[in-house]
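To start, the structure itself, in structure tokens.
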Amino acid sequence: MKITNNVFKSTSFENPLFNNFSADVLTEILNFHQTVPGYKETPLYSLNDFSSSTGIGNVYIKDESHRFGLNAFKGLGSIYSAAGYLKERHSIEFSTLDELLAQLQDKTPETFVTATDGNHGKGIAWAAQLLKQRALVYMPKNTRESRVEAIEALGVK
């Protein structure tokens, strides 16, 4: 086995986005997510055989494959980032999805744009659809057709 130093470990950088995640903010995010239709806590599965065979105390995996019916883990970040953008863009306050939707009724829909070959685009398309906004997803021309169809099924052309 080759051991190497992590050259990034001691590197620091300032990013104001990381300053926003206090315990109170994380609670607000969780409370918002819990108002999104289909929200469920991610199930954890214990890998007992793997733990035993490797001598590691406990190993768990998160199963995000059923998150919001997207078969991907990108839904939580997509809805949170889209909602956060709309909050800033329109100077509105909300704590639930329904409150956000009510305040967006008289606003011109925004268009969220991304480039992806799959799950990220699916998450953005789903969030835009849920928030009654638009999404534009650019995909490489060699993307599997099933991925393109999954995003198109969410209203993206």
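Other residues, nucleotides and ligands contribute only 12 or fewer heavy atoms inside 6.0 Å of the CD atom of E88. At most 12 heavy atoms of other shown residues, nucleotides or ligands fall within 6.0 angstrom of atom CD in E41. Under a cut-off of 6.0 angstrom, the local environment of CG in D106 is crowded, with over 12 non-hydrogen atoms contributed by other residues, nucleotides or ligands.
From L86, atom CG reaches atom NZ of K107 across 10.5 Å, with rounding to the nearest 0.5 Å. We find the CD1-CD distance between I92 and Q103 to be 4.5 Å, quoted to the nearest 0.5 Å. Here E64 contributes atom CD and H66 contributes atom NE2; the two are 10.5 Å apart, rounded to the nearest 0.5 Å. F68 contributes atom CZ, which lies 10.5 Å from atom NZ of K40 (distance to the nearest 0.5 angstrom).
In terms of modelled atom types and a separation under 3.5 Å, the side chain of Q133 and the main chain of L131 share a donor-acceptor contact. At distances below 3.5 Å, at least one donor-acceptor pair connects side-chain atoms of K122 with backbone N or O atoms of L70. Within the 3.5 Å criterion, the main-chain N or O of F50 finds a donor-acceptor partner in the side chain of S53. Side-chain atoms of S78 do not come within 3.5 Å of backbone N or O of A127 as any donor-acceptor pair. In this structure, Q129 contributes its side chain and A125 its backbone to no donor-acceptor pair below 3.5 Å.
Residues V113 and L130 do not share a hydrophobic cluster, defined by chaining ILVMFWY side chains whose heavy atoms lie under 4.5 Å apart. Y39 and F32 fall within the same hydrophobic cluster, where Ile, Leu, Val, Met, Phe, Trp and Tyr residues are linked whenever their side-chain heavy atoms come under 4.5 Å apart, directly or through other members. Linking ILVMFWY residues whenever their side-chain heavy atoms come closer than 4.5 Å, directly or via other members, leaves I124 and M139 in distinct clusters. Under the 4.5 Å side-chain heavy-atom criterion for Ile, Leu, Val, Met, Phe, Trp and Tyr, L154 and L76 are members of the same hydrophobic cluster. Residue L136 is not grouped with residue F112 when hydrophobic side chains (ILVMFWY) are merged at heavy-atom distances under 4.5 angstrom, including chains of intermediate members.
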Item to check | Stepwise side chain to side chain contact (heavy atoms under 4.5 Å, CB included) check, L100 with T96 | outcome: CA-CA 6 Å; L100 173 57; T96 69; over 6 Å; no
Next on the checklist: Run S46 and N48 through side chain to side chain donor-acceptor pair (under 3.5 Å) and show every step you take.
Outcome noted: CA-CA 6 Å; S46 177; N48 293 328; 2.6 Å; yes
Checklist entry - Going through the distances and angles, do I61 and L47 end up as a side chain to side chain contact (heavy atoms under 4.5 Å, CB included)? => result CA-CA 7 Å; I61 59 166; L47 300 180; 3.6 Å; yes
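Partner E110 forms a salt bridge (charged side-chain N to carboxylate O under 4.0 Å, His left out) with one of R134, K132, R89 and no other, that one being R89.
A salt bridge links K87 with E93: the closest approach of a Lys/Arg side-chain nitrogen to an acidic carboxylate oxygen falls below 4.0 angstrom.
For G121 against T114, the heavy-atom pair with the smallest separation is CA-CG2, 4.0 Å.
Classification of the H33-Y80 ring pair by plane angle, with boundaries at 30° and 60°, yields perpendicular.
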